[in-house]
**Q** 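The structure that follows is given in the form of structure tokens.
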Amino acid sequence: MREIILVKYGEMALKGANRSTFEDVLIRNIRFRLKKLGKFDFSKAQSTIYIVPQEKDDQRYGELLERAMERLRKVFGIAALCRAMTCEKDFADISSRAIPYLREPLTAAKTFKVEAKRADKSFPMKSPQICAELGGIILEAYPHLKVDVNTPDVTVTVEIRDTHAYIHAAREKGAGGLPVGTAGNAMLLLSGGIDSPVAAYMMAKRGVRITAVHFASPPYTSERALDKVHALCEKLTPWCGSMAFYCVPFTEIQEELERSCPEEFFTILMRRLMMEIACRLAKEEQCGAIVTGESLGQVASQTLPAIACTDAVADMPVLRPLIGMDKTEIIEISRKIDTYETSILPFEDCCTVFTPRHPKLRPRLDEVEEIQAEVDFAPLVDKAVAGAEKKVFAQHISEGDV
Ligand code: ATP
Ligand code: MG
């Protein structure tokens, strides 16, 4: 008998009729996520997915288990996960395995309790009896321990399931949210900054599959700036899954803006053109929304009037998951998802290259539209859309990920 991984789903267990779709998507995402590690067997029962490495060698088996746990911690839709020891559905087998298996956590603890979950009601002992008897056996084996049913250092769980029983003592919280792919697709405007990768993470957490679009203005923006955005995509795949990415050539549009539009309207016009192009690509990719990393009031283009001017050109919902967050909160998440160090690399972005000295803080839509109408941007927009280069970041090749 060996250890296996138990994955429990959270929120999605509440989804009634949709539940089986959610389960199927979650299992599919997990399969993809673990594919490159080795062979695993998957099964599901009672809101739990059982993951068993298919490996004979003990050491390799243990490594696979550890690396799978590492990856599973980043899979949305998982509420909790743990490593668990498999036992026969027999109390003597359960208790004799529990004592050595739990040595490490129980030696380090001062207090513990036992919880029993009896999914198989034909098991001859009831839950309180399992708890009392196993609790007694543990106390005998580890006499330094005391029982504390309210705030124990360690909770030993015994689950009596269909074919086997399982013991575990280190249930961890999972990434939470909903499985990526259950809430449709959205097109993310991905800059090289701190915010937009966090926005991707937030929407992926709500089950949205992310496609990204980046606007590059070579030679004003460098190849290294683009490499940085590629690196961000790779860093996002453990959370978002495989991700399609478009790089849009934006130089001509920016040069035209600089040539023919008043400087103070520069940023807002640029954002409207980005939005228009993003919406066009979004439709090609069957996306139902646009996602940006904007946060209210953070910079000139993120005031309510500026947002209204940008949204006026969008013909689908624009989601701004960071809108009410402080920069410090955003940074905290970017550190957690490991995009921060890449985001702060100092390469110029197209927005920073063409920043007006005094951007208009309260642009009026009629005024902005009037100015934009003086130039025929349509051919430039068509050209940018046609020139967009697509690249796919597959999740299993993520750099820095185990
Ligand atoms: P970020 O940290 O995400 O770059 P920011 O605080 O620098 O955001 P802005 O530069 O005003 O703010 O950009 C706001 C949002 O517009 C970004 O979060 C991103 O969604 C989008 N965006 C900005 N520049 C680009 C770009 N070059 N390509 C694609 N999207 C962009
Ligand atoms: Mg930026």
Side-chain angles (χ1 to χ4, degrees), residues 186-203 210-218 220-222 224-233 235-236 243-251 253-254 257 266-282 287 289-304 306-307 309-311 313-314 318-335 337 339-356 359-361 363 384-385 388-389:
M187 182 65 81
L188 166 78
L189 275 81
L190 179 65
S191 68
I194 296 170
D195 304 334
S196 36
V198 173
Y201 162 84
M202 302 273 286
M203 294 322 303
I210 298 288
T211 297
V213 55
H214 175 73
F215 296 86
S217 301
Y220 306 102
T221 59
S222 66
R224 292 174 74 195
L226 186 58
D227 289 345
K228 168 179 165 179
V229 180
H230 289 163
L232 287 171
C233 286
K235 294 247 170 187
L236 284 169
M243 201 160 103
F245 168 84
Y246 285 90
C247 182
V248 174
F250 206 51
T251 316
I253 290 181
Q254 288 202 302
L257 277 168
F266 211 83
T267 308
I268 190 68
L269 291 174
M270 186 183 74
R271 303 202 58 77
R272 281 164 59 88
L273 290 157
M274 280 185 177
M275 190 59 84
E276 198 182 326
I277 294 166
C279 286
R280 295 256 302 261
L281 293 172
C287 295
I290 299 290
V291 178
T292 81
E294 289 161 301
S295 151
L296 194 64
Q298 201 186 79
V299 289
S301 63
Q302 299 177 21
T303 62
L304 284 180
I307 286 174
C309 289
T310 316
D311 278 9
V313 293
V318 180
L319 308 176
R320 297 182 167 88
L322 314 186
I323 198 72
M325 288 170 73
D326 292 341
K327 195 73 185 187
T328 49
E329 295 171 304
I330 299 170
I331 288 176
E332 203 175 302
I333 299 178
S334 77
R335 285 190 192 281
I337 65 174
T339 52
Y340 182 76
E341 296 300 332
T342 308
S343 289
I344 60 172
L345 293 173
F347 304 118
E348 296 272 273
D349 172 74
C350 66
C351 304
T352 30
V353 176
F354 292 86
T355 305
K360 201 129 181 104
L361 291 178
V385 171
E389 276 182 36

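When a ligand or atom number is given, it counts from 1 through the structure's own listing order.
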**Q** Is Glu389 atom CD crowded by more than 12 heavy atoms from other residues, nucleotides or ligands, each under 6.0 Å away?
**A**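 No, CD of Glu389 has 12 or fewer neighbouring heavy atoms, counting only those of other groups under 6.0 Å.
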**Q** Side chain, backbone, both or neither: which part of Val213 comes within less than 4.0 Å of ligand 1 when only heavy atoms are counted?
**A**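 Backbone only.
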**Q** Do you see a donor-acceptor pair shorter than 3.5 Å between the side chains of Thr339 and Ser334?
**A**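 No - no donor-acceptor pair under 3.5 Å links their side chains.
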**Q** Under 4.0 Å from a heavy atom of Thr292: give me the atoms of ligand 1 that qualify, with their elements.
**A**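 Counting from 1, the qualifying ligand atoms are 20 (O).
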**Q** Any idea which atoms of ligand 1 are less than 4.0 Å away from a heavy-atom of Gly193?
**A**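 Counting from 1, the qualifying ligand atoms are 1 (P), 2 (O), 4 (O).
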**Q** Students often mix this up, so state it plainly: with edges at 30° and 60°, are the rings of Phe245 and His214 parallel, tilted or perpendicular?
**A**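 Because their plane-to-plane angle is under 30°, the rings of Phe245 and His214 count as parallel.
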**Q** Kindly write out the residues that satisfy side chain to side chain contact (heavy atoms under 4.5 Å, CB included) with Val313, not counting sequence neighbours, or none if the list is empty.
**A**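 By the side chain to side chain contact (heavy atoms under 4.5 Å, CB included) rule, Val313 matches Arg272, Met275.
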**Q** Are Lys235 and Glu341 ion-paired here, with the side-chain N under 4.0 Å from a carboxylate O?
**A**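 No, this pair does not count.
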**Q** Any nitrogen or oxygen of Phe215, main chain or side chain, under 3.5 Å from a nitrogen or oxygen of ligand 1?
**A**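 Yes, at least one N or O pair falls under 3.5 Å.
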**Q** Pick whichever of Ala225, Pro359, Ala212, Ser196 has a heavy atom sitting closest to atom 3 (O) of ligand 1.
**A**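 Ranked by closest heavy atom to atom 3 (O) of ligand 1, first place is Ser196.
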**Q** Kindly write out the residues that satisfy side-chain hydrogen bond (donor to acceptor under 3.5 Å, both in side chains) with Arg280, not counting sequence neighbours, or none if the list is empty.
**A**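 Asp382.
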**Q** Looking at ligand 1, does any of its N/O atoms fall within less than 3.5 Å of an N/O of Leu189?
**A**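 Yes, since at least one N or O of Leu189 sits under 3.5 Å from an N or O of ligand 1.
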**Q** Below 3.5 angstrom, do we get any N/O pair linking Gly293 and ligand 1?
**A**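 Between Gly293 and ligand 1 (N or O atoms, distance only) the closest approach is under 3.5 Å.
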**Q** Report, in ascending order of atom number, the atoms of ligand 1 lying under 4.0 Å from any heavy atom of Gln302.
**A**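 Result: 9 (P), 11 (O), 12 (O), 13 (O), 14 (C).
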**Q** Using a strict cut-off of 4.0 Å, indicate which atoms of ligand 1 neighbour a heavy atom of Ile194.
**A**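 Near Ile194, the atoms of ligand 1 are 2 (O).
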